[in-house]
Amino acid sequence: GESVGLHLPTLSVQEGDNSIINCAYSNSASDYFIWYKQESGKGPQFIIDIRSNMDKRQGQRVTVLLNKTVKHLSLQIAATQPGDSAVYFCAEPRMDSSYKLIFGSGTRLLVRP
Amino acid sequence: SAVISQKPSRDICQRGTSLTIQCQVDSQVTMMFWYRQQPGQSLTLIATANQGSEATYESGFVIDKFPISRPNLTFSTLTVSNMSPEDSSIYLCSGQGQGVTDTQYFGPGTRLTVL
């Protein structure tokens with residue numbers, strides 16, 4: 001069945017370093033992916049998205065890479081800051097075009113001062 | 001973008017009682033959803049709140065336990081009925097525009113503790 005999963009449940013990085021959060025998906029027909037950030041006590045916040053006709057998309061300090069060959073995407077955060085500490089989820093719409101999102105299990109990013 | 005608010009932000013309830021959670025969006029959205037999130041876990045979709053008709057529930061969730069209303073395009077409620085400690089969780093609502101790839105925005109969540 002469809003699934004979106006993450007490799008690492010917790011990632012600890014030094015402030016100022018770059019962070020890479022990974023996500024694997026199983027459906028080769030998936031054509032749209034979203035990254036959300038969820039800070040403690042808050043709802044998920046949209047960070048960036050990417051369509052399958054792209055390999056890379058950049059935002060402010062964030063880059064998403066999509067490797068369709070191995071069905072893998074990653075979120076890269078440059079110069080990680082304490083405010084980046086949160087849980088990060090990848091998500092994709094269900095293939096039934098129902099608008100419903102399938103969320104990965106999440107990765108907790110801890111930024112060490 | 002859409003700003004979504006929820007009330008209450010948290011509550012502590014007794015077993016056997018019911019709680020209604022309100023979700024308000026600051027602009028009209030086509031789709032509204034309700035999710036449950038156990039501490040330290042991912043989001044699980046409970047149902048799609050349909051405007052003017054019965055909600056569409058995901059496997060494992062039923063209307064008697066989680067009745068949902070959506071009287072208009074900006075407001076929805078989720079009731080957690082006959083609560084048990086297993087219902088302790090964070091409940092989140094979300095809203096999305098007209099396209100499948102429109103951004104889905106989330107409310108801040110309602111943290112429910114059932115004693």
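Numbers restart at 1 for each chain; the letters A, B, ... are given by sequence-line order, proteins then strands.
Looking at B/Gln41, the atoms closer than 4.5 Å to chain A (heavy atoms on both sides) all sit in the backbone: N, CA, C or O. Residue B/Gln6 does not touch chain A at all, counting heavy-atom pairs closer than 4.5 Å. Contacts of A/Gln45 with chain B are absent, with no heavy-atom separation under 4.5 Å from either backbone or side chain.
Contact check on A/Lys68 versus A/Asp55 returns a salt bridge, with a Lys/Arg side-chain nitrogen under 4.0 Å from an Asp/Glu carboxylate oxygen. Looking at A/Arg94 and B/Glu58, a side-chain N of the basic residue comes within less than 4.0 Å of a carboxylate O on the acidic one, giving a salt bridge.
If you look at A/Phe33 and A/Tyr25, their ring centroids are closer than 6.0 Å.
Around CZ of A/Arg61, the count of heavy atoms belonging to other residues, nucleotides or ligands within 6.0 Å exceeds 12.
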